[in-house]
2 protein chains.
Amino acid sequence: MKTETRQQEIIRVAAKLFKEKGYSAVTMRDLAKAMGIKAASLYNHINSKQDILNTIIISLAEEFTEGMKQISTSNDTCIEKLKKIIQLHVNISSKNSYGMASLNNDWMHLETQRTYYKKLRSDYENDFKTILEDGIKAGEIVNAKPDVMMFSILTTLRSLYIWIPKKEDLSLEELTNTLSQILIKGINK
Amino acid sequence: MKTETRQQEIIRVAAKLFKEKGYSAVTMRDLAKAMGIKAASLYNHINSKQDILNTIIISLAEEFTEGMKQISTSNDTCIEKLKKIIQLHVNISSKNSYGMASLNNDWMHLETQRTYYKKLRSDYENDFKTILEDGIKAGEIVNAKPDVMMFSILTTLRSLYIWIPKKEDLSLEELTNTLSQILIKGINK
DNA sequence: CGAGTAAACTAACACTTGTTAGTTTGTTTG
DNA sequence: CAAACAAACTAACAAGTGTTAGTTTACTCG
């Protein structure tokens with residue numbers, strides 16, 4: 001049993017507040033109050049507000065990068081790869097829905113790490129698009145604009161963090177399956 | 001030829017800044033600088049920062065409400081209605097991509113109007129879900145969870161504001177058609 | 001017991017925030 | 001020309017911002 005350090009606890013609570021109001025609207029005094037201490041005491045555990053955001057976002061972004069690397073280099077079919085991408089998003093979003101809010105909405109408030117973040121995101125999207133293009137060539141996927149397909153799928157996956165916490169009755173496996181069906185086969189009968 | 005009032009100009013520029021950094025991170029001095037005047041001068045034209053946000057969000061939300069009312073009370077088939085919803089989102093998002101950012105990301109910073117906004121949104125989603133449920137009953141739509149279907153489609157549509165300005169080569173009609181195809185028939189071949 | 005340490009505290013800082021009051025400028029209109 | 005007005009300005013405010021310095025508290029362990 002791994003116990004959470006005080007620092008990790010602060011970052012976790014910060015992510016929760018960031019999700020509710022956004023990075024800029026959360027003050028260090030808000031965060032301190034949520035922790036039950038004074039603002040100055042936070043600095044025994046963390047370096048700066050910006051550092052908290054860095055930690056939240058970059059660790060998540062790297063988790064996606066790593067997942068995508070495994071998927072894109074596998075020997076699966078394109079459709080199989082897509083299902084694994086969906087699974088990756090469902091897993092990470094359910095484990096850390098608070099952090100996902102910062103990743104999606106507050107990356108522009110990164111300072112030193114913004115360029116690095118944007119590179120990770122751009123690499124991820126390129127890998128995604130390549131999978132779709134390969135699927136079109138292989139005849140697995142309908143020949144529509146890969147840009148639009150990726151946009152459609154990815155924005156749905158990126159919004160899972162809002163949706164998953166509201167639907168705790170739905171198992172993650174069930175959600176992954178339903179989503180795969182809808183995103184791949186559509187809703188048409 | 002209708003000329004823009006100074007007030008409308010301020011609101012338009014504010015929406016642009018809000019899209020880039022979020023409501024909380026944009027200061028009245030930022031806004032003034034973008035307008036080429038001093039912060040105090042803004043108050044000759046607007047009442048408060050909060051008022052700007054109200055105007056941006058509520059006018060858009062009401063535009064969606066009105067569009068949905070027309071669609072949901074029509075005699076179209078469910079699939080036809082869905083296509084019209086997609087068209088509604090494409091149209092509004094292309095006309096006002098800046099405002100859509102505030103609608104999506106900064107509604108929680110509304111003060112007096114937050115409850116009203118949430119009612120509009122909730123009504124909209126209920127109408128949307130009813131259309132899907134009717135489609136399932138009528139056998140037009142696959143029998144999957146309407147919640148998940150709506151979530152998937154609606155999050156894609158809600159993110160159009162990010163995507164449309166980047167792809168000016170794509171005509172709105174073409175985008176509407178491609179999106180309809182992908183969202184309804186899926187990407188599977 | 002005494003030393004070390006984790007984690008809280010108070011007080012203060014320099015700066016930024018939204019906003020108000022009162023004034024000046026330049027253009028339009030009777 | 002004189003009056004009216006739109007729209008800018010300077011100066012200032014009270015409150016809130018992230019952060020630092022230095023101190024106190026309470027628990028752990030040799």
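No hydrogens, no waters, no symmetry mates; every other heavy atom, side chains included, goes into these values. Order of the sequence lines sets the chain letters (A, B, ...), proteins ahead of strands, with each chain counted from 1.
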Check your understanding: Can you check the B/D30 CG to C/dT17 C1' distance for me, whole Å?
Key -> 11 Å

Exercise for review: Please indicate whether A/E66 has more than 12 foreign heavy atoms, meaning atoms of other residues, nucleotides or ligands, lying under 6.0 Å from its CD.
Suggested key: no

Practice item. Could you tell me whether the side chain of A/R29 has a donor or acceptor atom within less than 3.5 Å of a complementary atom in the base of D/dG16? Key: no

Review point. Is the base of D/dA6 touched by the side chain of B/N44 through a donor-acceptor pair closer than 3.5 angstrom?
Key: no

Check your understanding: Between B/S180 and B/T176, is there a donor-acceptor pair closer than 3.5 Å when you use the side chain of the first and the backbone of the second?
Key -> yes

Exercise for review: Please state whether the phosphate of D/dA7, meaning OP1 or OP2, lies under 4.0 angstrom from any side-chain nitrogen or oxygen of B/H45.
Suggested key: yes

Practice item. For A/Y43 and C/dT10, give me the distance from atom OH to atom P, rounded to whole Å. Key: 17 Å

Exercise for review: Calculate the interatomic distance between B/I37 atom CD1 and D/dT10 atom P; express it in whole Å.
Suggested key: 12 Å

Point to revise | Euclidean distance, atom CD of residue A/Q50 to atom P of D/dT17 [Å, nearest integer] | key: 17 Å

Review point. Going hydrophobic residue to hydrophobic residue with side-chain gaps under 4.5 angstrom, can you get from A/L31 over to A/Y98?
Key: no

Check your understanding: Is there a donor-acceptor contact under 3.5 Å from the side chain of A/R121 to the main chain of A/Y117?
Key -> no

Review point. Please give, in whole Å, the distance from C/dA6 P to A/E4 CD?
Key: 18 Å

Exercise for review: Determine: side-chain N/O of A/K49 to OP1/OP2 of D/dG18, distance under 4.0 Å, yes or no.
Suggested key: yes

Exercise for review: Rounded off to whole Å, could you give me the CG-to-C1' distance for the B/N47 and C/dG18 pair?
Suggested key: 13 Å

Exercise for review: Just call it for B/R6: base, sugar-phosphate, or nothing, with non-hydrogen atoms closer than 4.0 Å on any strand.
Suggested key: sugar-phosphate

**Study point:** Integer-rounded Å distance: D/dA7 P and B/L42 CG
**Key:** 13 Å

Exercise for review: Classify the nucleic acid contact of A/S41 as base, sugar-phosphate or nothing, counting any heavy atom under 4.0 Å across all strands shown.
Suggested key: base

Point to revise | Sub-4.5 Å side-chain heavy-atom contact between A/Q7 and A/N47 | key: no

Review point. B/K38 NZ to C/dT24 C1': how many Å, rounded?
Key: 15 Å

